[in-house]
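Dropping the structure in here first, questions after.
A note on names: the letters A, B, ... follow the listed sequences, proteins ahead of strands, and every chain is numbered from 1. Quantities reported herein were computed from a predicted structural model and do not represent experimental measurements.
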Number of protein chains: 2
Amino acid sequence: MDALLLSVLEREPLHGYAIIEALRERSGGALDVPTGTVYPALRRLERAGLLAGEWASDGGRKRRTYRLTDAGRKALAGERSAWRSFTTAIGSVLDPLR
Amino acid sequence: MDALLLSVLEREPLHGYAIIEALRERSGGALDVPTGTVYPALRRLERAGLLAGEWASDGGRKRRTYRLTDAGRKALAGERSAWRSFTTAIGSVLDPLR
DNA sequence: TCTCCATGCGTAGACTGTCTACATGTAGAC
DNA sequence: GTCTACATGTAGACAGTCTACGCATGGAGA
């Protein structure tokens with residue numbers, strides 16, 4: 001989850017709702033993350049210093065827009081390499097060379 | 001976890017301890033799953049009818065050897081395809097086409 | 001006008017699964 | 001006699017996700 005959020009925010013700052021849509025889009029509909037997962041996760045990442053959130057107003061609507069911090073960018077690199085190691089490890093068990 | 005256990009048992013029945021070693025070996029040391037994860041998981045899979053366990057004696061030692069049931073084999077196929085979908089979805093977010 | 005839906009943020013509580021740490025015991029090597 | 005590898009298992013903490021809510025605005029259509 002953390003890696004996904006960081007990755008989506010890599011290019012441009014987005015607010016929660018837009019992040020959910022971006023995840024759905026980028027994954028071709030496969031990833032439909034509920035708000036109960038995303039919002040707490042964003043908070044968590046903000047507390048950890050990986051994201052910076054800011055309130056903005058679009059018309060009457062209030063949005064909390066998050067952007068990646070430098071620490072977040074580094075964390076993303078780590079998450080990506082961890083993900084690769086992870087899938088390689090699982091893959092080596094699930095699809096052993098025949 | 002379930003997929004990993006089922007996959008390791010696909011070729012031959014094994015007991016818990018051997019399963020842990022097999023996972024470590026097959027993954028090149030990356031996967032070191034603690035007993036507190038494996039044993040309950042094996043029980044769970046057995047209760048679900050995906051594995052069949054049987055006590056055996058090797059010398060003075062007692063082992064519980066698990067083998068894949070037909071349902072387990074089907075479940076494994078499902079797990080494999082689910083894993084592929086999953087990694088594809090995550091990958092499309094983490095490593096978008098540039 | 002009124003209602004409904006998409007937009008938008010958020011929390012409470014249930015649920016699930018993993019991990020740490022422990023208990024128990026045998027066999028064999030030194 | 002003690003240590004290590006083998007072997008199974010549980011209790012309880014912990015973390016993260018999901019379901020199901022509550023609240024509010026804006027715009028489209030009946």
Length of the line joining B/E21:CD and D/dT8:P, which is rounded to integer Å: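 Atom-to-atom, B/E21 to D/dT8, this comes out as 10 Å.
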Atom-to-atom span, CE of B/M1 to C1' of C/dG17 - whole angstrom: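 After rounding, the reported distance stands at 11 Å.
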Salt bridge present between A/E21 and A/R26 (N-O < 4.0 angstrom):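 Salt bridge absent between A/E21 and A/R26.
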4.5 Å side-chain heavy-atom contact, A/L31 and A/L4: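 SC-SC contact between A/L31 and A/L4 confirmed.
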Identified salt bridge (charged side-chain N to carboxylate O under 4.0 Å, His left out) counterpart of A/E10 within the set A/K74, A/R80, A/R67, A/R73: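 Among the candidates, only A/R80 passes.
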Given C/dG25, C/dT20, C/dG8, the nucleotide with the shortest approach to the side chain of B/P34: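 The answer is C/dT20.
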Pair assignment for C/dC5, Watson-Crick or G-U wobble, requiring both distances under 3.5 Å: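 Pairing partner, where one exists within any strand: D/dG26.
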Per B/T35 side chain, nearest of listed nucleotides D/dC6, C/dG10, D/dG9: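 The listed nucleotide nearest to B/T35's side chain is D/dG9.
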Heavy-atom neighbours of B/D70 CG exceed 12 at 6.0 Å: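 No.
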Nearest listed nucleotide, side chain of B/R63, among C/dG8, D/dC6, D/dT17: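 Selected nucleotide: D/dC6.
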Distance in angstrom units between B/H15 NE2 and D/dG9 P, rounded: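 After rounding, the gap between these two atoms is 11 Å.
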Nearest-neighbour nucleotide for the B/Y17 side chain, D/dC18, C/dG8, D/dA7 considered: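 Shortest atom-to-atom distance from the side chain points to D/dA7.
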Between C/dT24 (P) and B/R61 (CZ): distance, integer Å: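 Rounded to whole Å, this separation is 19 Å.
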Residues forming a side-chain hydrogen bond (donor to acceptor under 3.5 Å, both in side chains) with A/R44, sequence neighbours excluded: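 Result, side-chain hydrogen bond (donor to acceptor under 3.5 Å, both in side chains) vs A/R44: A/D2.
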Sugar-phosphate, base or nothing in reach of A/G16, heavy atoms under 4.0 Å: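 Sugar-phosphate, backbone atoms only, no base.
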Residues from residues 41-56 of chain A lying under 4.0 Å of DNA chain D - heavy atoms: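 Those residues are A/R44.
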Basic-acidic side-chain contact under 4.0 Å: B/R84, A/D95: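 A/D95 and B/R84: salt-bridged.
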A/E54 CD: over 12 foreign heavy atoms closer than 6.0 Å: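 Atom CD in A/E54 is not packed in, count stays at 12 or less.
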Atom-to-atom span, CG of B/D32 to P of C/dT18 - whole angstrom: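 About 15 Å, once rounded to whole Å.
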Spacing between A/Y66 atom OH and C/dC9 atom C1', to the nearest angstrom: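 My rounded result for the distance is 9 Å.
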Closest listed nucleotide, where the reference is the side chain of A/R64 and the choices are C/dG10, C/dT26, D/dG9: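 Between C/dG10, C/dT26, D/dG9, the one nearest the side chain of A/R64 would be C/dG10.
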Spacing between B/L14 atom CG and D/dA7 atom C1', to the nearest angstrom: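 For the pair B/L14 CG and D/dA7 C1', the rounded distance is 14 Å.
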Separation of atom CG in B/D58 from atom C1' in D/dA5, rounded to whole Å: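 That distance rounds to 14 Å.
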